[in-house]
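Here's the structure, in structure tokens; my notes come after.
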Amino acid sequence: DAMVIQNPRYQVTQFGKPVTLSCSQTLNHNVMYWYQQKSSQAPKLLFHYYDKDFNNEADTPDNFQSRRPNTSFCFLDIRSPGLGDAAMYLCATSREGGEPQHFGDGTRLSIL
Amino acid sequence: SQQGEEDPQALSIQEGENATMNCSYKTSINNLQWYRQNSGRGLVHLILIRSNEREKHSGRLRVTLDTSKKSSSLLITASRAADTASYFCATEDNFGNEKLTFGTGTRLTIIP
């Protein structure tokens, strides 16, 4: 089945130690999104790619970076994780901007 | 903040009853979407209603949209235990920025 896959489901890292989360899609969608979601809150958009065009949200910390090497894969890099970065990170795709988004099941990041 | 508001924040009803959730937003929109999120999982798209539509149905779901009041409602009829989840509205504004703005969510609990 076509889907959005996030690996790993759970990630533990140390304070300040770089970490990379990955997302892949088999939908061949143009747009890929990264969201941060904290407990009982709405997903917060960090950035998105339309094809290779990167779009950063104004309030996304510089600590967060992203790469999209090809249509299928997108990565979220957190350069120096702080305790406040512990959250669920959700990847989503859509065929075009504003259309229904297909979400992965997320990576829950813990910071020690 | 451009984030929408949902009301109520939490709702508990008996199985078989109807559940109604409301969403208010701030900008002019192209469409409004509703998503469900089960605990620890990604969001799942339920239904999309365009700005020129007033009501839409999908199975046990009924969505209304009032653009003059910048509000929408989601009605789930004949609720089931499996409907227990968080529900989010999301809007695509008409600024052409390829993204959705999510509401704060309603936590729905169906009591068997």
Side-chain angles (χ1 to χ4, degrees), chain A residues 1-7 9-10 21 23-25 27 29-60 87-110, chain B residues 1-11 21 23-51 56 58 61 63 85-109:
Chain A
D1 286 343
M3 58 178 60
V4 180
I5 300 169
Q6 291 188 246
N7 284 307
R9 288 294 311 277
Y10 301 92
L21 310 182
C23 176
S24 64
Q25 56 133 340
L27 297 159
H29 281 174
N30 289 316
V31 196
M32 294 188 79
Y33 306 84
W34 278 105
Y35 292 90
Q36 179 193 65
Q37 187 179 31
K38 296 190 175 180
S39 182
S40 302
Q41 295 184 18
K44 178 181 182 296
L45 182 65
L46 296 173
F47 25 59
H48 74 277
Y49 277 92
Y50 186 99
D51 195 12
K52 296 180 180 178
D53 292 333
F54 178 71
N55 298 271
N56 198 30
E57 292 300 296
D59 57 355
T60 297
M88 174 77 90
Y89 289 87
L90 295 164
C91 174
T93 72
S94 66
R95 192 178 64 90
E96 295 291 336
E99 293 190 3
Q101 294 185 11
H102 298 252
F103 283 79
D105 275 335
T107 294
R108 183 166 296 282
L109 179 66
S110 299
Chain B
S1 168
Q2 296 298 309
Q3 191 173 60
E5 300 262 338
E6 291 188 57
D7 168 56
Q9 290 188 353
L11 177 63
M21 288 159 272
C23 166
S24 61
Y25 57 91
K26 299 179 180 178
T27 65
S28 296
I29 63 170
N30 287 332
N31 68 63
L32 184 144
Q33 304 174 30
W34 284 90
Y35 289 79
R36 183 187 75 231
Q37 185 177 32
N38 291 88
S39 182
R41 305 295 296 272
L43 283 74
V44 175
H45 178 259
L46 296 176
I47 196 165
L48 180 152
I49 186 165
R50 302 193 187 283
S51 60
K56 204 160 183 181
S58 176
L61 305 181
V63 168
S86 292
Y87 291 81
F88 294 92
C89 67
T91 52
E92 182 205 8
D93 60 40
N94 53 16
F95 302 146
N97 54 22
E98 303 163 349
K99 62 184 183 181
L100 300 178
T101 301
F102 282 86
T104 51
T106 293
R107 175 68 190 169
L108 175 65
T109 302

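Note: hydrogens, waters and symmetry copies are ignored here, and every other heavy atom, side chains too, is used. Reminder, nothing fancy here: chain letters follow the sequence lines and each chain counts from 1.
If you measure heavy-atom distances from A:Q37 to chain B, the contacts under 4.5 Å come from the side chain alone. Only the side chain of B:N31 comes within contact range of chain A, with at least one heavy atom under 4.5 Å from a heavy atom of that chain. At a 4.5 Å heavy-atom cutoff, the contact between B:Q37 and chain A is made by side-chain atoms alone. Interface residue B:L43: backbone and side-chain heavy atoms are both found under 4.5 Å from chain A. With a 4.5 angstrom heavy-atom cutoff, A:Q101 touches chain B via backbone and side-chain atoms both.
A centroid separation of less than 6.0 Å is found between the aromatic rings of B:F102 and B:Y35. Taking the six-membered ring wherever Trp is involved, the centroid distance between the rings of A:H102 and B:H45 does not fall below 6.0 Å. Between A:F54 and A:Y49, the ring centre distance stays below 6.0 Å.
Summarising the local packing, CZ of B:R50 is surrounded by 12 or fewer heavy atoms from other residues, nucleotides or ligands at distances under 6.0 Å.
Here A:G98 is the residue among A:C91, A:G104, A:G106, A:G98 with the most heavy-atom pairs under 4.5 Å with chain B. Among A:P100, A:S40, A:A92, A:S94, the residue with the largest count of heavy-atom pairs under 4.5 Å with chain B is A:P100.
Listed by first and then second residue, the salt bridge (charged side-chain N to carboxylate O under 4.0 Å, His left out) pairs involving residues 39-50 of chain A are A:K44-A:D59 (not counting sequence neighbours). Counting only residues at least two apart or in different chains, salt bridge (charged side-chain N to carboxylate O under 4.0 Å, His left out) contacts with residues 88-102 of chain A comprise A:R95-A:E99.
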